[in-house]
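Beneath this line is the structure, given in structure tokens, with notes to follow.
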Amino acid sequence: MSTRIPSRRQTRRLASFLAFVLFADATPVSSRADAADAAAPGPNEASILTGCTAGDLVATFRRAAGGIELESLQDVRTQSRLAGSGAPLFQLVVRHVATRHERILTAATGWRDFGMERSDGALQFRWADPLEGGPLGVTVRTSAVPDADQSALRWTLRVDNESTVWTVRRVVFPLLDLADPGEEGVILFPRGPGELQRGVWQRDFHYRGNYPDGWCSMQFLAAYREGPSPSGLYVGLHDPWGSTKHLEFKSTPAARTVRLAVEVPAPDLTRPGNDFVTSGEVVWQLLRGDWFDAARIYRAWAEREARWWPALDPREGRRDTPRWMRELSAWVMTGGAPEACQPAVTAFREALGLPVGFHWYNWHQIPFDNDYPHYFPTKPGFAATVAELQAAEVFVMPYINGRLWDTKDRGAEDFEFTRVARPAATKQENGEPFVERYGSQETNGAPVTLAVMCPTTPLWQERVRTIVRRLQQEEGTRGVYIDQIAAAAPTLCTDATHGHPLGGGHWWTEGYWALLDAIRREMPSDRMLTTECNGEPFLRWFDGYLTWHWQHHGQVPAFPAVYGGTIQMFGRAYRGGPTQAQALRMKAGQQLVFGEQIGWFDPAQAGAAPNREFVHQLIHARWNHRRYFYAGEMARPPRLTGEIPDVTADWQWSGEWPVTTPAVLAGAWRLPAEDRALLLFVNVSEAPVRFAFPFDPAVYGLRREGLQRAVTLAGQPATEPAPFVPAGSEEILLPASGVLTWEVSARPQSAGGGDGGQRPPRRPRRRPRRPRVCRQEFCRVWVAGSGRKRSSSRRVTGRSSTWWASTRRSTG
């Protein structure tokens with residue numbers, strides 16, 4: 001991929017030339033040949049090129065023997081090749097219902113009748129009448145609509161199936177062989193919060209995600225080149241219903257390509273004559289930027305069209321989420337009888353001095369992952385302990401499961417499963433229920449086998465609604481955690497008695513939407529719901545997502561960049577091992593800059609000597625600025641420069657699990673309605689780190705003039721806002737395990753911005769005279785525990801000699 005950038009005049013000439021070459025012949029390009037002609041075209045039957053230009057994105061297609069294929073996809077301004085020939089535009093799998101014989105059809109070969117034409121500004125493709133295997137009665141049509149303003153092609157695909165014996169099983173579209181962008185090539189895919197992998201064109205790499213679930217949380221991917229002339233491709237599945245699909249990257253190092261494939265199971269995939277239509281549209285868009293820019297493209301679409309986007313107040317965010325949940329900044333997790341939980345949780349709350357969320361496991365008398373869904377009766381004293389904890393601002397959220405029914409649901413006895421639940425369980429094509437096992441055992445030692453229930457069935461909707469109602473209205477809990485809904489991928493249920501399309505489609509998401517709508521209609525206004533992981537299409541129906549699985553090397557906050565301010569994210573799995581203290585700092589530091597509520601700690605772990613001080617300052621820093629995370633949105637994280645070391649620890653997600661991050665983690669959030677931005681910096685290492693970053697107010701929607709800045713160090717109260725004149729580069733020295741925030745605003749406001757406008761304004765007071773400082777030393781630093789402010793860059797002492805920082809302005 002060339003990195004030379006032509007001038008604007010050269011770009012216009014190149015685009016004009018391509019348009020002349022590709023579009024001079026306005027007549028349709030089609031072919032109708034017999035098998036012999038299609039297999040061996042004559043010397044005068046040369047391949048025909050046609051193409052489509054959308055701004056700086058140019059796609060060229062070739063009609064060859066037996067089909068149509070993509071010749072190239074290019075960024076004409078940077079002369080970058082984004083994708084090339086090799087992968088067919090689509091792959092179609094059909095099955096003979098009686099014999100179960102399957103045939104695979106692709107866009108590139110094997111068709112007797114195929115063609116391309118332009119209509120109403122779009123490029124239309126058609127394939128019909130396969131050459132081999134006898135007649136099918138299947139016609140495939142695609143349409144590519146150019147969007148010049150966004151340099152994008154917007155695709156739809158339709159399969160018309162007139163057969164009485166063949167069924168469409170699945171469609172793979174799009175298929176692209178992504179070209180090697182060079183040494184700075186990177187791909188973004190939606191595992192957890194989003195993940196980057198570099199150098200995958202030169203090594204074996206494979207990712208396959210089952211959407212929607214926690215490991216394939218969104219419907220977009222990107223491949224691009226970093227550096228001074230970024231160029232790449234955003235591929236978005238802009239499906240407002242969140243239909244079941246599979247997203248895949250697979251490298252071929254010998255060819256220096258990465259194949260992108262999106263496989264969609266067809267609705268009614270067991271019935272002959274079923275049609276298939278793209279849900280929403282597939283978007284190929286030129287990407288001039290990085291993962292954050294790709295996330296902003298997807299956010300703009302989701303805000304307009306996704307059916308799970310919630311109603312947002314410009315100043316308060318999700319008003320259907322109670323304020324205590326929006327503001328919550330800390331979580332603990334433990335389980336068992338009340339007397340085993342209450343002392344440790346209460347001690348953590350008292351030491352922290354802030355409200356705490358408590359995720360309570362094993363509050364029921366049945367074993368964990370056993371005898372579901374018969375959760376009642378509770379352990380003795382549960383309701384009374386809930387009331388005591390919540391009176392002390394410990395908000396209780398008990399665990400239930402939202403998918404599973406134990407097939408032996410009373411010890412080793414089939415109590416209600418066969419008699420009551422089996423008809424409502426999801427079914428395989430052989431009529432047997434889909435089942436799962438998680439390591440729990442029945443009373444006779446046999447593994448617990450749990451059936452996956454169908455969310456569209458009245459039985460399951462009513463059963464989950466009743467459990468939630470009893471917990472919130474009879475037991476008094478402020479929240480309920482409904483496990484697995486946003487974590488586990490849909491099953492391809494083929495039980496015709498349920499009334500939904502068989503197999504693929506968006507019936508799975510719609511079934512849960514109906515289930516959750518019924519719960520929320522009768523839920524008191526001060527209650528909330530959460531679920532596991534962060535599969536996006538359930539977002540509007542939940543107040544929080546448990547992001548405990550965000551545990552991978554290379555992850556970036558793409559999900560918060562899309563959905564920050566629409567839902568509260570909370571929780572990481574904090575585990576043991578020789579490097580557990582380092583791993584805790586890395587995970588908790590990521591939580592702060594990613595915008596998550598901090599913790600999901602075991603109370604004893606969070607209160608242990610190596611962790612206590614760091615945990616407390618992180619949580620207080622988030623509490624000081626909590627409005628940003630429920631009334632704002634993520635902004636572009638600062639790009640740090642300098643000699644910043646990496647740190648590595650074993651995160652113990654699954655066995656030994658090494659993860660590496662920079663020693664200093666940075667994030668940014670903004671309140672667009674209030675002209676305020678927040679920058680966060682966390683040093684997760686055991687040594688001070690000096691770094692710099694460019695600060696451009698325009699990136700955060702601020703003017704350069706009339707700015708103010710308030711500084712918070714180590715979770716302490718913020719400094720008074722002081723005039724701030726941004727320089728070309730800002731330099732910071734951050735101590736070991738240090739937490740620093742800058743709040744930059746375009747007009748005066750209360751320091752910290754944490755009260756959400758609920759507290760009465762403070763009485764005016766006379767501001768003390770500011771000490772003179774040298775031109776390069778202007779950041780007034782709070783000295784932890786001393787109650788004084790200083791403007792020196794020297795190390796200062798107070799309650800903790802490790803809490804110090806200096807900020808300098810350079811002219812870079």
Would you indicate whether [X], at its atom [atom1], is surrounded by more than 12 heavy atoms from other residues, nucleotides or ligands within a distance under 6.0 Å?
X      : atom1 : value
Asp646 : CG    : yes
Glu303 : CD    : yes
Glu162 : CD    : no

Could you check whether [X] pairs with [Y] (Lys NZ or Arg NE/NH1/NH2 to Asp/Glu carboxylate O, under 4.0 Å)?
X      : Y      : value
Arg103 : Glu132 : no
Arg126 : Asp160 : no
Glu633 : Arg296 : yes

Between [X] and [Y], do the side chains contain an N or O donor and an N or O acceptor separated by less than 3.5 Å?
X      : Y      : value
Thr50  : Arg118 : yes
Asp75  : Ser80  : no
Gln590 : Thr661 : no
Glu248 : His206 : yes

Contact check, side chains of [X] and [Y], non-hydrogen atoms, under 4.5 Å:
X      : Y      : answer
Pro130 : Trp111 : yes
Asp268 : Thr167 : no
Phe276 : Leu157 : yes

[X] to [Y] - nearest heavy-atom pair and separation:
X      : Y      : result
Tyr211 : Cys216 : CD1-O, 3.2 Å
Ala668 : Arg636 : CB-O, 3.5 Å
Gly595 : Trp669 : CA-CZ2, 3.4 Å
Trp309 : Ala302 : CB-O, 3.7 Å
Ala294 : Tyr234 : O-CE1, 3.5 Å

Tell me whether [X] contacts the main-chain N or O of [Y] through its side chain, where contact means a donor paired with an acceptor under 3.5 Å.
X      : Y      : answer
His552 : Glu195 : no
Trp155 : Val282 : no
Asp147 : Arg154 : no
Arg540 : Pro310 : no
Gln219 : Asp239 : yes
Gln555 : Trp550 : yes
Tyr224 : Pro181 : no
Ser163 : Gly137 : no
Thr156 : Glu281 : no
Thr244 : Pro265 : no

- Check each of Thr142, Val159, Asp113 against Trp127 using the side chain to side chain contact (heavy atoms under 4.5 Å, CB included) test, and report the only one that passes.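 Result: among Thr142, Val159, Asp113, Thr142 is the only option passing the side chain to side chain contact (heavy atoms under 4.5 Å, CB included) with Trp127.
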
Centroid separation Phe61 to Phe125 less than 6.0 Å
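Centroid separation for Phe61 and Phe125: below 6.0 Å.
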
- Message: Between Phe538 and Tyr545, does the ring pair (Phe, Tyr, Trp, His ring centres under 6.0 Å) criterion hold? Intermediate values first, please.
- Response: CA-CA 10 Å; Phe538 312 101; Tyr545 274 167; 7.9 Å; no

